[in-house]
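Take a look at the structure below.
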Amino acid sequence: MIDGRMVREQADLLREGVRRRGSLDKFGSLIDRAEQLDRERRATIQKVEERKAARNTASQEVARKKKAGENADELMASARELGADIARLETELAASQGEFDSILYELPNVTLSEVPEGDASHNTVVSTWGEPRAAGSVKPHWEVAEALGLLDLPRGAKISGSGFIVYRNRGAHLQRALMNFLLDLHTREFGYEETQVPLFVNRDSMTGTGQLPKFEEDMYALRDDAFFAIPTSEVPVTNLFRDEILDGATLPIALTAFSQCFRREAGAAGKDTRGLLRLHQFEKVELVRFTTPEDSPAQLELLTSHAEQALVRLGLPHRRLLLAAGDTGFSNAKTFDLEVFAPGVGTWLEVSSCSSYTDFQARRANIRYRPAPGEKPRHVHTLNGSGLGFPRVVASILEHYQNADSSVTVPEVLRPYFGADVIR
RNA sequence: GGACAGGUGGCCGAGUGGUUGAAGGCACCGGUCUCGAAAACCGGCGUACCGGCAACGGUACCGUGAGUUCGAAUCUCACCCUGUCCGCCA
C-alpha cells in the first residue's frame, strides 16, 4: 500500500499518480475522503490518548492510596467514567481508522516518473532480440503438440476442466528440462538462492503482496481451510520475510522458485483460450529480489536482464516493453514485459513481467531492513519477475523451432536436460 | 483428531493484578584502558502512532482477538502456532 503519510503530506502526488494511470475519476474522490478521514482520526486519537493518560494517572493514584490504606472509591468511580468515555471514542476511532486503512489498501502504487502516461497503447518497445519467423508460416503449437503427442487436452478437461493441461511423454519431459535449465541458470550463473515454497498460503500473505483484498475473485480458495492457492510463487517467496527486519548487509537478497501457479482468470473467459495461451494452472520459475530504495532501479534492470538472458539462451526471438502507467499492475511502480514471438499463433506472448514494487509490498508485508547496526529500520524495495513462465515458452519453442515435417528441434541449451535433439 | 506443555524485546530468559517497556545475560553501538586487539570497566541500546521546528511529551505493543478490572505480560474465553506423547494416514 502507499504510505498513509502521503495522504496528509503529498496528496497531490497521489492524485498525479492515479491521473497518470488514467484513473483519476475512479480514485480522486477516494483520496479526498482519505484526507478527511485522516483529519478525523488524528483528532480522535488526540482525545483518546489524552483520556488514557488521565486514566493511567488516576490508576496509579489508586494504587498509591490503597497502599497507604486510604479510601480510593471516589477516584475509582471517576476513572470508570473516563473508561466509558474512552470506549466511546475508540469506537469512533476504529470507524475512521478502518475506512482510512481500507482506502489505503485500495489505492494503486505510484508509478515512477519514467513510466509513460496513459493506457496500454502507450506501452513502448524498449528493445528486440532475434529474428521472428513470419506469422502464419508454421502451424500453431496446439496442432504440433497434438500431432507429437505432447499434450492431452481432452483428458485435462475431463479430470479437472478447461484450462488444465495434461503433458505426456516428450511434452512432460520438455517441462522438466525447462525447469532444470532455468533453475540452473538462475542459481549457478546469476546467484539466486533456490527455494521450494508452499502452494497454499494464508490471507495475510495474499494481502502482503497485494493480491488481497482487491483481487480475491482471481484466486482459488480452499473450502474448509483458510488458504488460497498461489497465483505465483512471488507470494510465498516475498512473504518469507514478512514482519521481519533484515540485516542491511545481506541485501540484495535474490531468491528463485519453481512452482505451479493457479489462476481463476475470472473475466478472461474466451480470451486466448487455445492451446497453452491461458491456463488455470501453469508452471513458472520466479525471480524475487529484496533491495534498498537506492539500489532498486539497478536491481530491476538486473532482474529483467536475467529473464531476458533465459530467452537468449533458448534462442527465442523476443522484445522488451516498458508498460505505460495505465497498464502497470496495481502494486507495481514500473514494469517491463518480455514477450516472445509465436509465429504459429502470429502474436507476441508475454512470458515474463519484471516489476519494481518500490516499498508498496514491503509496507503491506512489513518487510524492513536495518541499514547499519544502530540505525532505524527502513522498508525494503521488492522486485520480481518470471524467469520464465512455461506454457508460452513451450508454445514459442513448438512454433519457432518447428520444422517443415512438423518435427521440432530442441533448443540447444535444453538438449543436455532433454536427451534428444529433435522431437518427432 | 486426542492429551499435555509452551508462545515475553535481535537472541536466550525472569516475571501470576499496581511506578514492568518489562530483571538478568548474550549480541550490538560509543567510551576508558592498550602499540593494536582481547579481557575488564563505564554508558547507550525496541517498534509504531499522535502532538511539537526541535528538545521533548503522550499513547499503544509480552502469539492473535474479545472480556473482567480504577488498573492486565499477569485473571477469563475463543482462535492461531510450536513441542512432546497417543491415534490415523502418506
Side-chain angles (χ1 to χ4, degrees), chain A residues 1-10 34-105 196-208 212 221-228 236 239-251 253 290 359 362-380:
Chain A
M1 69 183 129
I2 53 109
D3 187 351
R5 270 185 298 254
M6 277 188 82
V7 171
R8 193 183 335 160
E9 294 162 8
Q10 299 175 295
E35 284 186 281
Q36 185 194 340
L37 286 163
D38 182 54
R39 284 190 294 271
E40 282 178 22
R41 61 174 260 279
R42 281 186 293 139
T44 312
I45 284 171
Q46 284 184 50
K47 285 189 212 161
V48 170
E49 294 193 346
E50 186 183 290
R51 284 162 180 74
K52 281 189 175 174
R55 184 179 64 182
N56 287 346
T57 311
S59 290
Q60 287 185 10
E61 184 63 10
V62 168
R64 194 196 60 74
K65 284 199 174 195
K66 287 201 164 180
K67 212 176 246 175
E70 297 171 28
N71 184 296
D73 289 353
E74 207 171 300
L75 198 52
M76 281 163 62
S78 69
R80 195 174 303 136
E81 274 177 41
L82 266 178
D85 213 15
I86 289 167
R88 181 182 59 76
L89 285 165
E90 281 192 326
T91 307
E92 205 175 289
L93 178 61
S96 42
Q97 185 73 52
E99 193 186 343
F100 182 73
D101 289 344
S102 69
I103 289 176
L104 287 189
Y105 277 112
Q196 286 200 21
V197 289
L199 302 183
F200 297 152
V201 299
N202 58 32
R203 180 169 286 273
D204 283 346
S205 294
M206 281 294 196
T207 305
L212 295 181
L222 301 200
R223 192 194 60 191
D224 292 331
D225 296 285
F227 296 132
F228 296 88
N239 276 283
L240 237 34
F241 302 122
R242 174 152 51 83
D243 294 322
E244 292 191 28
I245 300 175
L246 304 167
D247 177 357
T250 64
L251 300 178
I253 294 172
F290 301 83
D359 59 1
R363 182 168 288 110
R364 285 177 163 241
N366 192 27
I367 306 170
R368 292 173 293 172
Y369 74 102
R370 200 179 296 281
E375 287 186 35
K376 286 264 174 206
R378 306 169 70 196
H379 286 109
V380 299

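By convention in this document, chain letters (A, B, ...) are assigned in the order of the sequence lines, proteins followed by strands, and residues within each chain are numbered from 1.
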Which part of the nucleic acid, if any, lies within contact of A/K47, taking any heavy atom under 4.0 Å across all strands shown: a base, the sugar-phosphate backbone alone, or nothing?
-> nothing

Using the C1' atom on both, measure B/A73 against B/A22 and round to a whole Å.
-> 8 Å

Among B/U47, B/G18, B/G51, which is the nearest nucleotide to the side chain of A/P377?
-> B/U47

Give the nucleotide from the list B/C49, B/A60, B/G18 with an atom nearest to the side chain of A/N56.
-> B/A60

Can you tell which of B/A48, B/G18, B/C50 lies closest to the side chain of A/R368?
-> B/A48

So does A/R42 get a side-chain nitrogen or oxygen closer than 4.0 Å to the phosphate oxygens (OP1/OP2) of B/C49?
-> no

State whether A/R88 and A/E92 are salt-bridged, where the test is any N-O pair (Lys NZ or Arg NE/NH1/NH2 against Asp/Glu carboxylate O) under 4.0 Å.
-> yes

Would you indicate which nucleotide in B/C50, B/A48, B/G18 comes nearest to any side-chain atom of A/R8?
-> B/C50

Tell me: CG of A/L93 to P of B/G58, nearest whole Å?
-> 20 Å

Carboxylate-amine/guanidinium contact A/K52 A/E90, below 4.0 Å = yes

Minimum-distance nucleotide to A/Q46 side chain [options: B/U47, B/U59, B/C50] = B/C50

Could A/R64 and A/E61 be called an ion pair, given the rule that one side-chain N must be under 4.0 Å from one carboxylate O?
-> yes

Ranking B/C70, B/C50, B/U47 by distance to the side chain of A/R55, first place goes to B/C70

B/C79 pairs with which nucleotide, Watson-Crick or G-U wobble, both distances below 3.5 Å?
-> B/G63

B/U20 and B/G87: how far apart are their C1' atoms, nearest whole angstrom?
-> 44 Å

From B/G18, B/A48, B/C49, pick the nucleotide closest to the side chain of A/R41?
-> B/C49

Nearest-neighbour nucleotide for the A/R370 side chain, B/C70, B/A60, B/U47 considered = B/U47

Side chain of A/A53 only, please: which of B/C70, B/C50, B/U59 is the nearest?
-> B/U59

Searching all strands shown, indicate the nucleotide that pairs with B/G57 (Watson-Crick or G-U wobble; both distances under 3.5 Å).
-> B/C50

In whole angstrom, give me the gap between the P atoms of B/C11 and B/C62.
-> 15 Å

Compute whether any side-chain donor of one residue and acceptor of the other, for A/Q97 and A/D101, lie under 3.5 angstrom apart.
-> yes

